[in-house]
Amino acid sequence: MQRLLISASAAVILLIAGCTARPEKPITLTAGQVGEISMETGRSVQDVLFDEGNYAMFIHFGLYSKLEGEWKGKAYYGNAEWIMSPAQAGIPVDEYMAEAATFNPSKFDAEKIVALAKEAGMKYIVITSKHHEGFAMFDSDACSFNITDATPFGRDIIGELSEACHRNGLGIGFYYSQFQDWTAPGGGYGPTRDADGKAVSFDDYFWKKCVPQVEEITTRYGDVQLIWFDTPDVMGPEYSKILVDIVRKNQPHALVSSRVGNGMGDYETLGDMEVPTVNHPGRWEGIDVTQVGWGYSKADHRWKTPGYIVRTLVGTIARGGTFMMNVGPTKDGEIAPEAAAALSKSGEWISRHPKVIYRAEASPWGHALPWGDAVVNDGRLYLIVTDWPSDGKLLVPGIRNGIRSARIDGGKKLKFRKDGTWLEIEVPCRAPEDYAGVIELTPEGELDIDATPAVIPGSRNLISTELASSVSNTAITRTGWMENYGEWKNKGMTMMNQSSMTTWAIEFPAPGYYDINLEYRSGDRHEWRVTVDGCQSIEHSCGASDIFSLHPLGWIRIDAPGIHEIDVQVLTGPEDDAELSGLYIDPVML
């Protein structure tokens with residue numbers, strides 16, 4: 001290993017062998033109490049924050065932040081926190097560690113970051129205490145490659161942020177990369193020999209660095225609500241259990257993320273940037289970024305808008321989850337103004353519609369609706385309309401209940417009428433606000449919803465394969481891919497061949513013609529067939545596409561309103577080549 005020593009003036013940096021542990025030096029911090037949302041009796045802070053708070057700030061901050069996605073004049077796009085790895089710049093260990101000598105995030109202000117999180121409507125913060133690079137953002141006795149020993153900055157970032165969260169009523173959690181460590185001998189994908197040239201194993205790293213540092217972050221910073229492990233890779237269950245046991249011993253009420261590995265943990269973290277198509281069971285979270293990657297990159301200008309943040313947050317909660325939105329501080333330690341502005345503006349929307357977020361329960365439809373989504377809170381149904389109807393008529397399918405009242409959330413009452421399970425609400429022809437309009441419905445009695453996917457005129461009716469009612473000789477699976485380095489996309493799909501069929505039961509509001517497009521990707525052309533109710537069918541040859549895209553097939557005729565069965569088959573083309581992800585159904589206006 002290598003050790004960085006800093007002179008008293010922080011002007012002379014010496015790079016010598018050894019990631020040396022220092023004599024134990026206790027850190028005294030005020031534990032504090034998580035305020036506001038956590039003051040109820042009889043409920044754990046974790047339950048209230050995670051299950052009812054539903055929204056958090058994720059912070060990726062490390063030595064990689066100093067490089068801001070650039071090495072020796074070349075920009076590396078995507079995950080800036082991976083810049084050291086061979087998949088990005090491939091920076092040698094000694095050169096990378098030497099960067100700590102000039103890492104001075106002097107504008108880091110824990111109070112300012114906490115204030116932004118509260119302004120954004122977030123209820124807790126999770127920050128990287130050590131990422132894959134092996135650099136600790138806290139005053140670690142276990143290894144001197146850390147923010148206090150190896151930099152002129154010399155301050156404990158984790159300690160300052162923990163204190164600020166405790167003072168201001170936010171929960172705090174720590175990310176820790178337990179397997180990967182690219183600078184510690186024995187760490188996952190790190191050096192295989194120590195400073196003396198002796199071969200080392202993963203156990204050397206695990207017991208000399210990982211275990212002591214997890215002990216440090218769970219004993220030095222007062223009450224901690226979450227420990228967020230990451231990338232267990234090939235770690236066996238015995239290692240995961242050791243880490244979970246440390247957390248249980250030192251922070252008995254803290255939640256442990258599923259990325260500790262081997263089926264352990266208290267909740268599931270889905271894939272990066274993943275919002276499920278259908279409601280997901282159990283306790284889980286979704287995570288996303290304000291840029292393309294997690295660490296700050298000065299070459300990345302694809303900032304997430306306030307509308308994107310609102311839609312992704314609502315979509316995650318509506319599927320039954322909790323959401324964390326990431327920010328990556330700059331090399332100076334500040335949150336970029338673009339990210340801060342987007343979080344602040346989306347926070348204004350949240351402050352006007354708190355019941356859509358806090359204590360909100362998943363959509364009773366089990367999936368998004370063509371014009372938006374829905375959540376339930378305190379017996380009321382909240383419709384979050386991102387595609388506002390320009391004709392002033394919002395159609396809501398599948399409501400078996402009577403409706404007592406409908407109103408713009410926080411505003412005027414709206415007229416409505418029921419026709420069977422369809423609800424038509426008279427709304428203003430222009431959306432009442434940016435990002436999403438919210439309508440509050442008060443049902444008669446307990447909600448009773450028919451979750452059948454429906455075609456709604458005037459909306460984008462893209463019906464996912466994950467909403468299929470049945471499949472034959474295929475299976476509904478989920479696929480993911482990176483569009484840029486670290487930028488993940490996800491879709492449900494069925495692999496289609498000449499013997500397979502995907503079937504949907506779909507509610508149509510009226511008789512008439514409907515234009516059908518198939519969304520799929522394939523390596524070659526295929527001939528497809530769509531059949532309605534087992535009798536009427538249309539066929540067409542469609543082109544190849546190496547990305548999921550829409551392919552027009554033709555018109556079908558619906559003779560009566562109600563639920564109709566739509567079958568999709570491949571007639572010709574290479575076997576197991578076409579991945580079908582959904583149907584786009586558009587009413588034809590004649």
Under 6.0 Å from the six-membered ring centre of W284 and within 45° of its axis: does the NZ or CZ of R319 meet both?
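Judged by the rule, R319 and W284 form no cation-pi pair.
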
Assess K304 against Y308: is NZ or CZ under 6.0 Å from the centre of the six-membered ring, and within 45 degrees of the ring's axis?
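The answer is yes, since K304 meets both limits relative to Y308.
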
Between [X] and [Y], what is the ring plane arrangement, given parallel below 30°, perpendicular above 60°, and tilted in between?
X: H60; Y: W294; answer: tilted
X: H131; Y: Y175; answer: parallel
X: F138; Y: Y221; answer: perpendicular

Evaluate whether atom NZ of K107 has more than 12 neighbouring non-hydrogen atoms of other residues, nucleotides or ligands under 6.0 angstrom away.
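No, not enclosed.
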
Answer yes or no: does atom NZ of K66 have more than 12 heavy-atom neighbours from other residues, nucleotides or ligands under 6.0 Å?
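Yes - once you tally the heavy atoms of other residues, nucleotides and ligands closer than 6.0 Å, there are more than 12.
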
Taking all atoms of both residues into account, what is the closest heavy-atom pair of W349 and D434, and its distance?
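Taking every non-hydrogen atom into account, CD1-O, 3.6 Å.
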
Salt bridge or not between [X] and [Y]? Use side-chain N to carboxylate O under 4.0 Å.
X: K209; Y: D204; value: no
X: K489; Y: D288; value: no
X: E338; Y: R302; value: no

Measure the spacing between CH2 of W228 and OG1 of T269 and express it to the nearest 0.5 Å.
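Going from the CH2 atom of W228 to the OG1 atom of T269 covers 5.0 Å.
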
